[in-house]
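This report concerns only the one structure given below.
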2 protein chains.
Amino acid sequence: MPPRTRLGALNCSLAQALDIVGDWWTLLIVRDLFIGANRFGEIQKSLGIARTMLASRLEQLERNGILERRGTPRRPLYFLTKKGRDLFPALVALMQWGDRWAAPVGPPMRLTDRNGRAAAPIAVQTRDGATITGENARFAAGPGAAASTRAFIEALAATRRRAR
Amino acid sequence: MPPRTRLGALNCSLAQALDIVGDWWTLLIVRDLFIGANRFGEIQKSLGIARTMLASRLEQLERNGILERRGTPRRPLYFLTKKGRDLFPALVALMQWGDRWAAPVGPPMRLTDRNGRAAAPIAVQTRDGATITGENARFAAGPGAAASTRAFIEALAATRRRAR
DNA sequence: CTGTATCCTTAAAGATACTG
DNA sequence: CAGTATCTTTAAGGATACAG
């Protein structure tokens, strides 16, 4: 009996991303690194995560090139790499969703730039600034699409045409 | 011995969000709903998820107000609610990260608006259009901040001042 | 302070078979 | 087609204690 379906096997970038950062703790650790907590103890205390879990996650994140160790081996500092910092929009988007739908007394944290200007709600846009929403979005097969992906998209398009 | 630390207990909107959609499968199911797969069988086949898992996830998503059932009880259709559709930016941000860092032969899927205009890379911005990155971001306590959250932020700020 | 070593518990995940 | 019931396996997650 196979353990857990490896999401990385799916022909989907979301699945690839989730295969790497899609567990319960990883994005919270990344969050702490963004905020500036880069000591083992700081992160552990901040999240209340088990020390063993934290150690294993940090190692995974390093293996995946999302963070790197600096400082001394005895007292390391963890810093995000470019790949890790690139998670910023995804992380903020999730945080904003939580602010909107699961923060009864208002956001626990406010995000600003260094001049104190608040972050606006994140939107998906075209290059010329038109907003793409879930309602007007279209998905098409890309260069990396497997045959199964193409078939999936085609089948749905056909169904929707019929439904109309 | 407690089972798993409930992320919802943390005073952090990211944690709240992850507590609801932070497992391996949920966002992939939501993705399918965005694409237009709203039958049980379509989703199951598309993801290769176990039927029991899918059933339990769909029920959770309904309980959390992210999707709703339509159609007949015998042959339901699943649709995202406003709360669910609001996950769009987060989902796309993660997908784009996967495109950039885990798609060797190019993106499996392309996202466009209904006129075929491609989605630009998502960025975090202020209201007046300045880009906020992980490097120039600042986090401050918000209205919903618990004492512990304030302390955490203050402590880090102090450390960084000293380090400078 | 930063881990590792162990041990333990439980929930996550899946296969199979059955029902309306 | 859309599930539910049941069972099995294993990995996830955590507590505790110890080490450099």
Side-chain angles (χ1 to χ4, degrees), chain A residues 1-10 15 18-29 32-33 37-63 67-79 155-156 159 162-163, chain B residues 1-10 15 18-29 32-33 37-63 67-79 155-156 159 162-163:
Chain A
M1 190 176 294
R4 205 192 75 227
T5 301
R6 211 66 236 183
L7 297 186
L10 290 175
L18 291 175
D19 200 35
I20 299 175
V21 301
D23 72 284
W24 301 99
W25 286 116
T26 297
L27 282 180
L28 285 168
I29 296 169
D32 269 18
L33 295 175
N38 35 28
R39 292 273 183 220
F40 187 94
E42 286 174 339
I43 303 173
Q44 195 274 323
K45 196 177 146 205
S46 144
L47 300 179
I49 186 178
R51 310 166 69 73
T52 41
M53 282 298 312
L54 179 54
S56 112
R57 286 297 183 272
L58 288 172
E59 191 218 317
Q60 275 182 45
L61 284 167
E62 188 180 16
R63 263 210 328 272
L67 61 76
E68 59 188 15
R69 284 162 200 256
R70 298 187 201 153
T72 70
R74 290 286 304 273
R75 204 142 190 283
L77 287 162
Y78 297 96
F79 285 95
L156 286 175
T159 305
R162 247 181 298 125
Chain B
M1 193 178 293
R4 206 192 74 228
T5 300
R6 212 66 234 186
L7 297 187
L10 290 175
L18 292 174
D19 200 35
I20 299 175
V21 301
D23 73 284
W24 300 101
W25 286 116
T26 296
L27 281 180
L28 286 168
I29 296 169
D32 268 19
L33 295 175
N38 34 29
R39 292 272 183 222
F40 186 94
E42 285 174 340
I43 302 173
Q44 194 274 322
K45 196 177 145 205
S46 144
L47 300 179
I49 186 178
R51 310 165 67 73
T52 41
M53 283 297 313
L54 178 55
S56 110
R57 287 296 184 272
L58 288 173
E59 191 218 316
Q60 276 183 45
L61 284 168
E62 189 180 15
R63 262 210 329 271
L67 61 76
E68 59 188 15
R69 285 163 200 255
R70 298 186 201 156
T72 71
R74 289 288 303 273
R75 203 141 190 283
L77 286 163
Y78 297 96
F79 285 96
L156 286 175
T159 306
R162 246 181 297 126

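Since this is a predicted model, take the numbers as computed values, not measurements. Per chain, numbering begins at 1; letters A, B, ... match sequence-line order.
- Separating the CG atom of A/Leu18 from the P atom of C/dA13 is a distance of 12 Å, rounded to the nearest angstrom.
- Counting only heavy atoms from C-beta outward, the side chains of A/Trp25 and B/Leu18 never approach each other to under 4.5 Å.
- Between A/Leu61 atom CG and C/dG3 atom P there is a gap of 13 Å when expressed in whole angstrom units.
- Rounded to a whole Å, the CG atom of B/Asn38 is 12 Å from the P atom of D/dG3.
- Among the nucleotides D/dT4, C/dG3, D/dA2, the one closest to the side chain of B/Arg75 is D/dA2.
- The nucleotide whose nearest atom lies closest to any side-chain atom of A/Ile49 is, among C/dG14, C/dT2, D/dG14, D/dG14.
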In residues 54-62 of chain B, what donor-acceptor pairs under 3.5 Å come from side-chain atoms, sequence neighbours left out?
{"from": "B/Arg57", "atom 1": "NE", "to": "B/Asp23", "atom 2": "OD2", "distance (Å)": "2.8"}
{"from": "B/Arg57", "atom 1": "NH2", "to": "B/Asp23", "atom 2": "OD2", "distance (Å)": "3.2"}
{"from": "B/Glu59", "atom 1": "OE2", "to": "B/Arg63", "atom 2": "NH1", "distance (Å)": "2.8"}
{"from": "B/Glu62", "atom 1": "OE1", "to": "B/Arg69", "atom 2": "NE", "distance (Å)": "2.9"}

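- One atom, CG of A/Asp23, and another, P of D/dA11, lie 16 Å apart when rounded to the nearest Å.
- One distance of note links OG1 of B/Thr5 with CG of B/Asp19; it measures 10.5 Å at 0.5 Å rounding.
- Counting to the nearest Å, the P atom of C/dG3 and the CD atom of A/Glu62 are 10 Å from each other.
- Note: CG (B/Leu77) to P (D/dA2) measures 8 Å, nearest angstrom.
- Here C/dT2 presents its P atom at 10 Å from CG of A/Leu54, a figure rounded to the nearest Å.
- Atom CG of A/Leu33 is separated from atom CD1 of A/Ile43 by 4.5 Å, given to the nearest 0.5 angstrom.
- In this structure, the CD atom of A/Glu59 is 13 Å from the P atom of D/dA12, given to the nearest Å.
- For the pair B/Leu28 and B/Ile49, the minimum side-chain heavy-atom distance is 4.5 Å or more.
- Close to D/dG13, at under 4.0 Å from its OP1 or OP2, lies a side-chain N or O of A/Arg57.
- Residue A/Met53 places its side chain closer to D/dG13 than to any other of D/dG13, C/dA13, D/dA2.
- A/Pro73 comes within contact range of no nucleotide atom at all, as no heavy-atom separation falls under 4.0 Å.
- Under 4.0 angstrom from either OP1 or OP2 of D/dG13 there lies at least one side-chain N or O belonging to A/Trp24.
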Protein N or O to nucleotides 16-20 of chain D N or O, pairs below 3.5 Å:
none

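- Expressed to the nearest 0.5 Å, how far CZ of B/Arg39 lies from OH of B/Tyr78 amounts to 10.0 Å.
- For A/Tyr78 and A/Arg6, each mapped to the nucleotide of DNA chain C holding its nearest heavy atom, the one lying further toward the 5' end belongs to A/Tyr78.
- In this structure, the separation between CG on B/Asn38 and CG on B/Asp32 is 10.0 Å, given to the nearest 0.5 Å.
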